[in-house]
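The structure under discussion appears below in the form of structure tokens.
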Amino acid sequence: MPPSASFDPSYRYDRQVRLWGEEGQASIGTTSACVLGSDSLATETLKSLVLAGVHSFFVVDDARVEHADLGQNFFLQSDDIGRSRAEATLEKLTELNPSVSGRASCQSPTALAQEDVEKLATFSVVVSANQSESIDTKFAEVLYNIRVPFVCIKSYGLIGTMRICIKEHTIANSHEENPRPDLRLDAPFKTLSEIINETDLNEMTVEQLRHTPYILLHFKALDVFRKHRNNENAFPETTNDRKEIQQILQSFRRSTEHSGTKDSENFDEAKAAVMRAFQKTTIGASVQSILSAAESSDSTQPFWLICEALRRFVKFNNGLLPLRGTLPDMTSDSNRYTRLASVFHEKALLDAQEVLRLTREVEKERGVGDVISDDVCYRFCKNADRIRVQHGALLDYTRETKECVRKVKEMSIEEQSREEKVDSATWLLLMRAVGRFRKEKGRFPGTNGVPVSIDAQDLKKRVEVLIRESVQEEEEIKPILHNVTDSAIAEMCRFGAAELHVISSYVGGIASQEIIKLATNQYVPIDNTFVFDGHSQESSTFKL
């Protein structure tokens, strides 16, 4: 490694750049995170963000380091007892990555919430770690209105939860797994058509035929398919049609005089790719909804500016998105594959240039100047079929508790297994009951030396109250309460508000991963609730 490599992001973050590219790493490098709290969950979240290379972080906590913190937070030592916990963790966190700057405040999160909104607007994301419901609600309301993502995470015994609250989140590349190749079999462009017309399988030697890229075999099979139907626009639409294409491909095979075999790797590839490749080039429903959204017509945000340009491009491009411009690997001689790859790449560049021209028109119309760079436009066009938009709801514990109760009510649990596994919605409802218990008694259940059996009865009463508040006045709550087992209630008390480092580490890692998704506008963040059950080591996500 070169001497300066330790200061070069391309070396330091080499592995993660492979995931989200240099543009994604650049976005992370401008991210500033504010974290409310400095306990184990908060520091584990920050640890992953600091190592990922965020620009800066700000820790807000008025707690002092106590002896109990040493057993659950690896960033604290016995010498730190009595110090500000925010400042003590700050020292250790900044040692992890000298490129990241950090600050700490010894004020309470409540005090920060009451400060000028403009201060919160300077952060890319705000994270609430194990804060009370009242603090969560205050921050959520402010941040939602100024469009700053708010991530609320909690670790309680063997249970971990996360709630992402954001008004709107745009995704420039969802990184769809195993996407269908963009081969334009139903709509070949001019330079591709020229190569197809030049290709004559009958004039090829067996060796040349066996090194013909399967995309050309597909086009030739499509020609035969259309002749069979006497329709130059026919296209395989059913499984039987595609099986016919496979039979046509089989008929193209030839053998040499001495081998006698028709086996050929490129034909095997062509047959295997038929079902996925022979799909009409269309625009998915999610992308169509984005292009027709009101924001495309009037927003000055970069994402929506280019979406409007994309909409105009599609209108004058026969309803087609810009070409992705990449070919899948396929058996071929180098000359033909290189030529095909070149024409696909050149066409993708031409499409991107046209979208950029339209983007400049939109920018001029809306008076925002040149916001979109050539590189950003090209990447956007390359992933145009994978753009997404998420619209989130404001964090509302009352509404979400009702939704949890509804999910618990709808659960179908066998009597013999009801004690063995607890549903995620039940754990979430019990977390709400713990919050109510803490608010009313000033402590967590199972603490201050109170026997678990006594606090379990009190906690169950609060579960009953939450259920009663969430259903119709005349509705019977016993069937719902029956799904919340006494053993699960007792388990919440047995936790005694303990924060297990292994749970905090896992949930903190998930939270930092979601924050990076929000920062890079890549991949699809959880929408909007995540629950981890350490008993069964199972995770679940759902929208509240």
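Fair warning: this is a prediction, and the values are worked out from it, not measured in the lab. Hydrogens, waters and symmetry mates are skipped; everything else that's a heavy atom, side chains included, is used.
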Work out which heavy atom in L183 is nearest to a heavy atom in F344; give both atom names and the distance.
O-CZ, 3.9 Å

Taking atom CD of E410 as the centre, report whether more than 12 heavy atoms of other residues, nucleotides or ligands fall under 6.0 Å from it.
yes

Enclosure of K382 NZ (heavy-atom neighbours >12, cutoff 6.0 Å)
no

Evaluate the criterion side chain to side chain contact (heavy atoms under 4.5 Å, CB included) for residue pair I171 and Y523; output intermediate values, then yes/no.
CA-CA 7 Å; I171 303 165; Y523 298 92; over 6 Å; no

Heavy atoms only: give me the nearest L394-R399 pair and the separation to one decimal.
O-NH2, 3.5 Å

Close side-chain approach of R163 and E400, heavy atoms under 4.5 Å
yes

Which is it for E440 and R462 under the salt bridge (Lys or Arg N to Asp or Glu O under 4.0 Å) test, yes or no, and what are the steps along the way?
CA-CA 10 Å; E440 295 175 356; R462 283 157 179 81; 2.9 Å; yes

All heavy atoms of L428 vs all of L544, minimum pair found to be CD2-CD1, 3.6 Å

The test is side chain to side chain contact (heavy atoms under 4.5 Å, CB included); show your working for D61 and L36 and say whether it passes.
CA-CA 6 Å; D61 195 0; L36 313 178; over 6 Å; no

Could you please spell out the steps behind the salt bridge (Lys or Arg N to Asp or Glu O under 4.0 Å) verdict for E95 and K92?
CA-CA 5 Å; E95 291 176 1; K92 309 299 189 302; over 6 Å; no

Is it true that D136 and Y397 share a donor-acceptor pair across their side chains at a distance under 3.5 Å?
yes

If you round to the nearest 0.5 Å, how far is CG of D455 from CZ of R494?
14.5 Å

Can a side-chain donor-acceptor contact be found between Y378 and D351 if the only test is distance below 3.5 angstrom?
no

With side chains defined as the heavy atoms from C-beta onward, is the minimum distance between R438 and S132 less than 4.5 Å?
yes

Step through the shown structure and confirm whether more than 12 heavy atoms of other residues, nucleotides or ligands are within 6.0 Å of CD on E295.
yes

What's the separation between atom CD1 in I28 and atom CG in L49, rounded to the nearest 0.5 Å?
9.0 Å

Measuring from E22:CD to S27:OG, what's the distance to the nearest 0.5 Å?
12.0 Å

Hey, would you say the F303 and F380 ring centroids sit under 6.0 Å apart?
yes

Can you check whether V151 reaches I153 side chain to side chain, under 4.5 Å on heavy atoms?
yes

In the structure I gave you, are the side-chain heavy atoms of V405 and L429 within less than 4.5 Å of one another anywhere?
yes

Where do E403 and R406 land on the salt bridge (Lys or Arg N to Asp or Glu O under 4.0 Å) test, with the steps shown first?
CA-CA 5 Å; E403 185 65 19; R406 184 187 64 79; 2.3 Å; yes

Within a 6.0 Å radius of atom NE2 on H55, are there more than 12 heavy atoms belonging to other residues, nucleotides or ligands?
no

Answer yes or no: are there more than 12 heavy-atom neighbours, outside H67 itself, under 6.0 Å from its atom NE2?
no

Is the closest side-chain donor-acceptor distance between R85 and S38 under 3.5 Å?
yes

Does any donor atom in the side chain of E168 or Q390 lie under 3.5 Å from an acceptor atom in the other side chain?
no

Is any NZ, NE, NH1 or NH2 atom of the basic residue among R357 and E363 found under 4.0 Å from an Asp or Glu carboxylate oxygen of the other?
no

F75 six-ring centre to K47 NZ/CZ under 6.0 Å and within 45° of normal
no

Within 6.0 Å of CG in D329, more than 12 heavy atoms from elsewhere:
no

Can a donor-acceptor pair be found between the side chains of S504 and E44 at a distance below 3.5 Å?
no

Under 3.5 Å side-chain donor-acceptor pair for T31 and S124
no

Assess the residue pair K402 and E469 against the criterion (salt bridge (Lys or Arg N to Asp or Glu O under 4.0 Å)); give the C-alpha distance rounded to whole Å, side-chain angles, the decisive distance to 0.1 Å, and a yes or no.
CA-CA 8 Å; K402 290 181 180 179; E469 292 174 351; over 6 Å; no

What pair of heavy atoms forms the shortest contact from V65 to D80, and how long is it?
CB-O, 3.2 Å

I need the minimum non-hydrogen distance between F58 and S105, along with the two atoms involved.
CZ-CB, 3.5 Å

Within a radius of less than 6.0 Å around CD of E361, do more than 12 heavy atoms belonging to other residues, nucleotides or ligands occur?
yes

Under a 4.0 Å N-O cut-off, is there an ion pair linking K439 with E133?
no

Do other residues, nucleotides or ligands put more than 12 heavy atoms under 6.0 Å from the CZ atom of F74?
no

Pairing of E538 and K421 as salt bridge, 4.0 angstrom limit:
yes

For L70 and I81, run side chain to side chain contact (heavy atoms under 4.5 Å, CB included): C-alpha distance rounded to whole Å, both residues' side-chain angles, the deciding distance at 0.1 Å, then the answer.
CA-CA 9 Å; L70 305 183; I81 294 177; 3.8 Å; yes

Would you please indicate if the ring centroids of Y506 and F532 are separated by under 6.0 Å?
yes

What one should report as the nearest heavy-atom pair of A433 and V463 is CB-CG2, 3.7 Å

Side chain proximity check, Q16 to I516, heavy atoms < 4.5 angstrom
no

For a 4.5 angstrom cut-off between non-hydrogen side-chain atoms, does I503 reach I159?
no

State, yes or no, whether a side-chain contact exists between H391 and V389 at a heavy-atom distance under 4.5 Å.
yes

For the aromatic rings, using the six-membered ring if either is Trp, is the centroid distance between Y156 and F444 under 6.0 Å?
yes

Is there a side-chain contact between N73 and H501, using heavy atoms and a 4.5 Å cut-off?
no

If I take atom OG from residue S155 and atom CG from residue D39, how far apart are they, to the nearest 0.5 angstrom?
8.0 Å

